[in-house]
Amino acid sequence: MASHQLVDIRNGRIAKAVSARSLGLNPYPSRSRRTHYVQAILDQFASLEGQTVTVAGRLMSWRKQGALAFAHVQDQTGKLQLFLRRNGVQPTDAKDGSLGYAETHLLDLGDIIEATGQVMRTDRGEISVMVSQLRLLTKAIRPLPDQWSGLKDREQVLRKRYLDTILEPSSFDRYAVVCKMVAAIRSFLNGRGFLEFQTPVLQPQYGGGTAKPFKTHVNALGCEMYLAISHELYLKRLIVGGYDKVYTIGRYFRNEGIDRSHHPEFSMVETMTAYENYEYNMDLIEAMFRHVAVSVFGKTEFTVRGHVIDFGMPWRRVSMSEAVREKIGADFRACQTLDEANALLSAAGIHEPQPSIGEALVKAFEVFVEKELIQPTLVHGHPIEISPLAKPLPDDPRFVERFEIFIAGMECGDNWSEQNDPVQLLATWRKAYRADERDAGTFHTLDFDFIEAMEYGMPPTTGIGPGIERMVMIFTGQENIDDVIFFPLMRPAISPLNAEVYGIQDPVVAPVEDLALSFEEFESLCKEGLLKPHSHHLTAKPHVRVWSVAPAPGGSRASGHIEIEGFLANSVLRLAGYKIQSAEVLSEADAKKRILELLEQSLARFFRDTFPEHRLTVAPATVLQAA
RNA sequence: GGGUCGGUAGCUCAGUGGUAGAGCAGUGGCCUUUUAAGCCAUUGGUCGUGGGUUCGAUCCCCACCCGACCCA
């Protein structure tokens, strides 16, 4: 087996940790004696010059020059140079953990170290610490990526973001900004008298939105539950319970697509305010964005996708119908029938008939208007068909008291006056439920416990729910949601390298489940049209197991299965349970030959007949060990 | 879902139908003010996986896996 160099490097570094121990030094002590962060030393050099300080962080460079050495240590505030003289550094001493100059060969880039010494400036003018004592705080046994090129491989950046934040200050800062923004949102809402509640992520129904849920099982209760697609219905229960201003900053799970702006697991701040309507929220959301902009960034103008956006100005407010009319001249408010609405759509070039007038309006809005909304815009007056939880407008019940926020063409929040008439709400839900049955692609469920809570009376209520990630993307100028989520969802994997390092035999994590069928099941499913090949080129791999142990009655047997690659989108189709039997004892070669004949007779012919446009390649048979 | 591009040493990247390359990192030396230090020597590879074509494939063909970008 070829050994990887990483294994050698890792072993070498482990050996250095062992060497440190043999000198009486613990390569993993429990704490440091840091007195200053790096940035503080750089900022306060004038007053600190000549003072003794202790810094701690990751060793990022090492330039040894005989009896001198220069290094850089990086902590969460920045990088600082260390200046070491052979005779100026305290020799190795087990009592206080000092690592002497003679033992600095035990250090590697990436190690966590601590250095004590006087603040000074080198001849070249760089602020440094003249090291009098050096300690190893953590031996790193893996090498960092090349620090000048950084980590470029996008997959590695996503899987190991912690390496990116070590090497790329802009990434490090960006994630810190995410945290500060969340804190700013909290302080903003807390300052306005809101109470932050924790609402359940495990929910028996997945109400409060239209999205495919993640399903899970609660062992203790023996029932299925869903991960929250929304926390709204729980915030409303809190309002029923008597709290007038509540919010949650929570995790939302939607089992749908992943792309630049969608992630299955994301964060939202969701508020509920009693005794107010959606107009209150228009003011609230504007003020929130302004507060975050000023308190985190100290400005109100941001460049988003090449547009300068000013959060300090009053936001434009326009109804959805009016926005569509302005753009394409079609006024859906005038439509009396669905046919008229679909005709308007068709005239505008959209030939996908919608199931209701409201949905036709939304379609037109999504296609023609949404992307054009660059400056912060509050679009209100959504059709009731897509807003089962919002209150109808008093003067036009086809529309509801709701608004969405659009910035730089992106939807950044959804807000409405909550429907609190339990009879109306239930009726709307039932209607939406029938729509669901019409279209299996949408999901609604009825939460009767919630309806019951409504029946005790929920005061007039309104809520906002801007997505945190989208907000962060806007404020930090990122166009990819993976660059604002530190741990984006990835298919789990163990690299071949790690398999070797950790001695893992079968480095498959969370394998896609194989579909295993008998020939007969397979053929009948194909004939019924329930199974179809995913790609045009398929590979069949027979696996044969020969049972020639002992002179069993009837000679030896061979059994096995066939794996077909390309038939299923992400996994292997396994056809199990075919057998051959022979009076004489079979050799491996004979068994293979017989199996291939069997394949030719049954499977290959079946494929030619059933899927003539697909090509099936039969790979040489693999012989499995007889158990 | 459709299209395009990519996967070669720990990292960043060249390259070729015939023994696999560089820089950095690593290892061993030299070096008292360096700044991606320098100099000398040197280790290190399932060329994403599986098939096919071929005397021979990392390279050509097919499929699959992983990822990126664009489009819907």
Side-chain angles (χ1 to χ4, degrees), chain A residues 1-13 15-16 60-72 79-89 101 105 107-110 120-128 130 140-160 163-164 166-167 257-260 350 352 366-367 479-480 482-483 488 490-501 507-509 511-512 533-542 563-573 614-622:
Chain A
M1 157 127 78
S3 86
H4 292 275
Q5 192 188 18
L6 175 69
V7 175
D8 298 335
I9 292 174
R10 185 170 172 274
N11 287 339
R13 288 182 171 213
K16 290 178 185 177
M60 295 303 285
S61 69
W62 180 257
R63 298 180 295 281
K64 193 176 174 188
Q65 196 170 349
L68 284 184
F70 298 88
H72 277 96
K79 271 190 209 178
L80 182 71
Q81 181 168 266
L82 304 178
F83 179 39
L84 299 90
R85 274 195 227 267
R86 180 159 52 204
N87 299 326
V89 180
Y101 194 87
H105 64 275
L107 294 178
D108 288 291
L109 296 185
M120 49 88 73
R121 221 188 251 282
T122 59
D123 287 356
R124 296 289 181 91
E126 182 164 349
I127 295 170
S128 306
M130 170 84 82
I141 64 173
R142 286 219 184 209
L144 290 174
D146 182 285
Q147 62 177 305
W148 303 110
S149 49
L151 195 58
K152 291 277 173 53
D153 183 322
R154 180 70 177 164
E155 182 177 355
Q156 296 306 313
V157 169
L158 297 181
R159 287 188 190 275
K160 302 175 193 169
L163 293 179
D164 183 44
I166 290 171
L167 296 169
I258 301 178
D259 63 31
R260 264 193 317 179
I350 303 173
E352 300 166 43
E366 285 173 354
V367 172
E479 299 200 353
N480 197 320
D482 287 339
D483 289 321
M490 305 282 285
R491 188 180 295 282
I494 294 178
S495 68
L497 204 50
N498 277 353
E500 183 182 342
V501 168
V508 176
V509 177
V512 178
H534 174 253
S535 57
H536 286 275
H537 188 114
L538 309 165
T539 307
K541 292 184 176 176
E563 292 180 352
I564 302 182
E565 293 177 355
F567 199 91
L568 303 174
N570 282 314
S571 61
V572 172
L573 173 68
H614 294 79
R615 204 171 118 218
L616 180 72
T617 305
V618 179
T622 304

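Order of the sequence lines sets the chain letters (A, B, ...), proteins ahead of strands, with each chain counted from 1. Keep in mind that what you see is a predicted model, and the values were worked out from it rather than measured. All values below were derived from every heavy atom in this structure, side-chain atoms included, with hydrogens, water molecules and symmetry-related copies excluded.
- Pair check for B:C24 finds B:G10; Watson-Crick or G-U wobble, both atom distances under 3.5 Å.
- Between B:U58 and B:U32, the distance separating the two P atoms is 49 Å to the nearest Å.
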If the sugar-phosphate is the primed atoms plus P, OP1 and OP2 and the base is the rest, what is the B/S/- string for nucleotides 3-10 of chain B, using protein heavy atoms under 4.0 Å?
-> -------B
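- For A:Asp153, the side chain to side chain contact (heavy atoms under 4.5 Å, CB included) partners are A:Glu155, A:Gln156, not counting sequence neighbours.
- Under 3.5 Å, the side chain of A:Gln65 and the base of B:U32 form no donor-acceptor pair of N or O atoms.
- Between the CG atom of A:Asp123 and the C1' atom of B:U35 there is a distance of 13 Å, given to the nearest Å.
- With hydrogens and angles left out, the side-chain atoms of A:Gln147 and A:His72 include no donor and acceptor closer than 3.5 Å.
- Taking atom P in both B:U42 and B:G6, one finds a spacing of 35 Å when rounded to whole Å.
- For the pair A:Val157 and A:Lys152, the minimum side-chain heavy-atom distance is 4.5 Å or more.
- Going from the C1' atom of B:U8 to that of B:A22 covers 13 Å, rounded to whole Å.
- Checked by atom type and distance alone, the side chain of A:Arg159 never pairs as donor or acceptor with a backbone atom of A:Met490 at under 3.5 Å.
- Within 4.0 Å (heavy atoms only), A:Gln81 reaches at least one base atom of the nucleic acid.
- Here B:U32 is the nucleotide among B:U33, B:U32, B:U12 with the atom lying nearest to any side-chain atom of A:Asn87.
- In terms of position along RNA chain B, the nucleotide closest to A:Ala71 lies nearer the 5' end than the nucleotide closest to the other residue of the pair A:Ala71 and A:Leu158.
- A distance of about 15 Å separates the P atoms of B:U19 and B:C47, rounded to the whole Å.
- Of the candidates B:U35, B:A68, B:U32, the closest approach to any side-chain atom of A:Arg124 belongs to B:U35.
- B:A14 sits 16 Å from B:C5 when the P atoms are compared, rounded to a whole Å.
- Panel note: side chain A:Arg13, backbone A:Ala140; a donor-acceptor pair is recorded below 3.5 Å.
- Checked against B:U12, B:U32, B:G67, the side chain of A:Leu68 finds its nearest nucleotide in B:U32.
- With hydrogens and angles left out, the side-chain atoms of A:Gln81 and A:Arg121 include no donor and acceptor closer than 3.5 Å.
- Heavy atoms of A:Arg63 sit under 4.0 angstrom from at least one base atom.
- Between A:Met130 atom CE and B:U32 atom C1' the separation is 11 Å, expressed in whole Å.
- Heavy-atom nearest nucleotides on RNA chain B were determined for A:Leu151 and for A:Phe70, and the one closer to the 5' end corresponds to A:Leu151.
- For B:C64 and B:G3, the P atoms lie 12 Å apart once the distance is rounded to whole Å.
- Nucleic acid contact for A:Gly12: none, since no nucleic acid atom lies under 4.0 Å from a heavy atom of the residue.
- Contact annotation: A:Asn480 reaches the phosphate of B:C69 (side-chain N/O to OP1 or OP2, under 4.0 Å).
- With A:Met60 as the partner, the side chain to side chain contact (heavy atoms under 4.5 Å, CB included) test is satisfied by one option alone out of A:Leu109, A:Leu80, A:Ile166: A:Ile166.
- For the atom pair CG (A:Leu6) and CD (A:Glu500), the distance works out to 8.5 Å, reported to the nearest 0.5 Å.
- Put simply, CG on A:Leu163 and CG on A:Leu151 are 6.0 Å apart, with the number rounded to the nearest 0.5 Å.
- Spacing between atom CH2 of A:Trp148 and atom P of B:U35 amounts to 12 Å, rounded to whole angstrom units.
- Not a single donor-acceptor pair, N or O on each side, falls under 3.5 Å between the base of B:U34 and the side chain of A:Glu126.
- Computed from coordinates, the A:Asn498 CG to B:U46 P distance equals 14 Å when rounded to whole Å.
- For A:Arg13 and B:G26, the CZ to P distance is 7 Å, given to the nearest whole Å.
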Which atom pairs link the protein and nucleotides 27-30 of chain B when you take only N or O atoms and keep those under 3.5 Å?
from	atom 1	to	atom 2	distance (Å)
B:U27	OP1	A:Lys16	NZ	2.6

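- Comparing the C1' positions of B:G21 and B:G45 gives a spacing of 11 Å, expressed to the nearest Å.
- In this view, A:Asp146 and A:Trp148, A:Ser149 satisfy the side chain to side chain contact (heavy atoms under 4.5 Å, CB included) rule, not counting sequence neighbours.
- Ionic pairing of A:Arg260 and A:Asp483 is not present here: no N-O contact between side-chain nitrogen and carboxylate oxygen is shorter than 4.0 angstrom.
- With contacts defined as side-chain heavy-atom distances shorter than 4.5 Å, the pair A:Leu167/A:Pro145 qualifies.
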Under 3.5 Å between N/O atoms: give me all the protein pairs with nucleotides 70-72 of chain B, atom names plus distance.
from	atom 1	to	atom 2	distance (Å)
B:C70	OP1	A:Arg260	NH1	3.3

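- Rounded to whole Å, the distance from CG on A:Leu109 to P on B:U35 is 16 Å.
- With a 3.5 Å ceiling on both atom-pair distances, the Watson-Crick or G-U wobble partner of B:G38 is B:C30.
- Base pairing of B:G67 is made with B:C5, judged by Watson-Crick or G-U wobble geometry with both donor-acceptor distances under 3.5 Å.
- Here B:U35 presents its P atom at 18 Å from CE of A:Met60, a figure rounded to the nearest Å.
- Distance noted for atom C1' between B:U16 and B:U4: 25 Å (whole Å).
- Every ring-ring contact (aromatic ring centres under 6.0 Å, His included) that A:Phe70 has, sequence neighbours left out, goes to A:Phe83.
- For the pair A:His72 NE2 and B:U35 P, the computed distance is 11 Å after rounding to whole Å.
- Between A:Val7 and A:Val501 there is a side-chain heavy-atom pair separated by less than 4.5 Å.
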